[in-house]
Amino acid sequence: MKVILAEKPSVGREIAKVFGATTKREGYIEGKGYTFTWAFGHLLQLAAPQEYGYYGWNVQNLPMLPPKFKLSLRKVKTKDGLVDDPGAKKQLDIIKTLFDEATEIIVATDAGREGELIFRYIYYYLKCKKPFKRLWISSQTDAAIKDGFRNLKPGTDYDTLFNSAHCRSQSDWLVGMNATQALSLSSGTRSVLSLGRVQTPTLAMICARYLENKNFVPETFYQVAIQPDKDGQLFRAISDKSFKTREEAQAVLEKVEPTGLVLSVDAKPRKEPPPLLHDLSSLQQEANKRKGFTADQALSLLQNLYESKLVTYPRTGSRYIGDDVFAEVPNLIAKFNNHETFGKQANLLTGVKLNKRSVNAKKVTDHHAILPTGEMPNHLTPDLQAIYDMVAGRMLEAFNQDCIKEITKIVIQSGAKYVASGTVIKTAGWRAVFNDKDEEKKDEENPTLPKVQQGENLPIVNKALLEKQTKPKPLYNEASLLKALETAGKEIDDEELRQAMKDSGLGTPATRAAMIETLLKRNYIVREKKNLVPTVTGLAVYDVVKNQQIAQAELTGNWEKRLEEIRSGASVSEFQDEIKAYTSTITKDLLQAGKAIVIPKLNR
DNA sequence: GCAAGGTC
């Protein structure tokens, strides 16, 4: 009997369905000579320090460098502390029984580093010796699954991928556990001051932005505005220069003449392509902006929709789909033809050529972008409905036509030069789906500008001196933080470039929401309205570690580079030795530095 | 009491 092990039940069931296996058992499905079972993500993890004999939190133990790492069952928190996760235990027992009976194992965990680790940890923990082959697919359509089974790879092809995964896991343990204990112990506060490769750079970003914002000294500057009149239609134009002093601006204001000469009129159409389909992060950002949901809330609502089979797999980092999934999109759109809010747009997309911006098989990683499944929901709670509509609406946007705008710029001479700019949407295209206002800066803009000709003289009916102030970068909120994490704090607005940066981002789509919650739980940050603001504890920790490598996003980038080299065959022990050396150094540093930490009893 | 990774 061959046993197929998937990363999660949904995939196990999907594969079983393709094979036509229908006999449902507890924790697996049988049929056609195969058994289909699954994990629930990581069932096993690196064992806690006490399992290597490092009891309590003790400076004597530091740095903790276990000669050989052990695996232990996933834990859950209860009132009695951490205990084995009963669900994980039960499923692992089922997998053990099936592996014992198996002639061959087919590894169908997600096609990526962590998917490989999920399987190998199980395999080695159970001391299994059965031969295994690897299924490597990036979408779960029938065709992709069948094709994948015709092209099963030898299990050993992925040994180096496992090595890189195992290194990632061990390195995070070594640095995180040791740094956390070192700082907590030396601070003498008896509280947990956690540090880690992902959480500490994230905390640093929040603190740095907060301090930058708080210490920002606004500068006042002045502009002059005029209001020309074109056949009764007034519009506003602003001086093309800004002035440091009121006097300079006042002089310009006084030179405004009774009429203004139109020097140039520049009207050009601009195509605005539809947004890409949602991945988890972009959906969390939108949910935060539109509804004020936290990253954690958005994820759990989405998980609920996924378990109700209403949307595809949510923890994806890809905003693209492959051609196989695209082939199903017209049918999917047609399901919304009679939909109350989306019906009109769905009908408009029927039978027309769809925009293929979100179609690119090469950019589909472990999972494709989030789509509705085509299963129609009824009686969703308002929150679930809101998230569902964001997924369904985004599908209608993503395959829609470009939005065509006309951007007009009028330059007028009246003493000095003045500029009026306006944007008019000529063809709404994808923007018709939600009928949203353009988020781009619109404060200076006129919604519509009258038709004027170059060389025309227009009466100036009003003029004014404007006093303005420069503004600091805003504090992070969950949406802007999630966006910043994807590119490790570097600000990149170009959507395509951002996609390319994802491999060196901080954390993964699946873990970011939990990481923000960790920072809140540690009392490092608090939510103030929508903003994420550091506490005095957070700032004190930041102050101690800000110049350490562990607080730099680049640490992840450096590790990723090394891990990728390991995946292509480079030495494992060399990297491990470096990590151990770094662990010793940072532990020693923090045992000293932590003494300087000052955390008042009364926290903000 | 602690990391980051995955998932129900």
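Residue numbering restarts at 1 for every chain, and letters A, B, ... go by the order of the sequence lines.
A close approach under 4.0 Å does not occur between any side-chain nitrogen or oxygen of Arg168(A) and OP1 or OP2 of dA3(B). Side-chain N/O atoms of Gln45(A) include none lying less than 4.0 angstrom from OP1 or OP2 on dG5(B). Using a 4.0 Å cut-off, some side-chain N or O of Thr511(A) falls inside it from OP1 or OP2 of dG5(B). The shortest distance between the side-chain N/O atoms of Arg522(A) and the OP1/OP2 oxygens of dA3(B) is below 4.0 Å. Phosphate contact (OP1/OP2 of dC8(B), side-chain N/O of Arg315(A), threshold under 4.0 Å): present. The shortest distance between the side-chain N/O atoms of Gln199(A) and the OP1/OP2 oxygens of dA4(B) is below 4.0 Å. Of the side-chain N and O atoms in Ser194(A), one or more sit less than 4.0 angstrom from OP1 or OP2 of dA3(B).
Within the 4.0 angstrom heavy-atom criterion, only backbone atoms of the sugar-phosphate kind lie near Glu114(A); the bases stay farther away. Within 4.0 Å (heavy atoms only), Glu116(A) reaches no atom of the nucleic acid at all. Heavy atoms of Ser171(A) sit nowhere under 4.0 angstrom from any nucleic acid atom. Across all strands shown, Leu117(A) has no heavy atoms under 4.0 Å from either base or sugar-phosphate atoms. Note on Pro49(A): a base of the nucleic acid sits closer than 4.0 angstrom, heavy atoms only. Backbone-only contact: Tyr306(A) has heavy atoms under 4.0 Å from sugar-phosphate atoms and none from a base. Residue Lys77(A) is in sugar-phosphate contact alone, with no base atom involved, counting any heavy-atom pair closer than 4.0 Å across all strands shown. Across all strands shown, Val198(A) has heavy atoms under 4.0 Å from sugar-phosphate atoms exclusively, and none from any base. Across all strands, Asn178(A) comes closer than 4.0 Å to no nucleic acid atom at all (heavy-atom distances).
In this structure, Arg562(A) fails the cation-pi test against Phe575(A), since its NZ or CZ atom is not both closer than 6.0 Å to the six-membered ring centre and inside 45 degrees of the ring normal. Taking the ring centre of Trp173(A) as origin, the terminal cationic atom of Arg168(A) falls outside the region bounded by 6.0 Å and 45° from the ring axis. Judged by the 6.0 Å and 45° rule, Lys2(A) forms no cation-pi pair with Phe36(A).
Side-chain atoms of Glu26(A) and Ile94(A), non-hydrogen and from C-beta on, do get closer than 4.5 Å to each other. At least one side-chain heavy atom of Leu302(A) sits under 4.5 Å from a side-chain heavy atom of Leu283(A).
For the pair Tyr55(A) OH and dC2(B) C1', the computed distance is 17 Å after rounding to whole Å. Straight-line distance from the CZ atom of Arg113(A) to the C1' atom of dA4(B): 10 Å, rounded to whole Å. For Lys521(A) and dA4(B), the NZ to C1' distance is 13 Å, given to the nearest whole Å. Straight-line distance from the CG atom of Leu92(A) to the C1' atom of dC8(B): 16 Å, rounded to whole Å. Per the geometry, CZ belonging to Phe40(A) stands 13 Å off P belonging to dT7(B), to the nearest Å. Straight-line distance from the CE atom of Met64(A) to the P atom of dA3(B): 11 Å, rounded to whole Å. In this structure, CD of Glu517(A) is placed 16 Å from C1' of dA4(B), rounded to the nearest angstrom. Rounded to whole angstrom, the span from the CH2 atom of Trp57(A) across to the C1' atom of dA3(B) amounts to 11 Å.
Look at Trp173(A) and the base of dA4(B); the rings do not stack under the cut-offs of 5.5 Å between centres and 30° between planes.
Side-chain N or O atoms of Thr180(A) include none that pairs as donor or acceptor with a backbone N or O of Ser194(A) at under 3.5 Å.
Where Asp110(A) and Arg197(A) meet DNA chain B, the nucleotide closest to each residue was compared, and Arg197(A) sits on the side nearer the 5' end. DNA chain B is contacted by both Asn58(A) and Leu43(A); Asn58(A) maps to the nucleotide lying nearer its 5′ end (nearest heavy atom per residue).
Below 30°, between 30° and 60°, or above 60°: for Tyr124(A) and Phe162(A) the angle between ring planes is between 30° and 60°, a tilted geometry.
The side chain of Pro9(A) sits closest to dC8(B) out of dC8(B), dA3(B), dG5(B). Distances from the side chain of Tyr313(A) to the nucleotides dG5(B), dT7(B), dA3(B) place dT7(B) closest.
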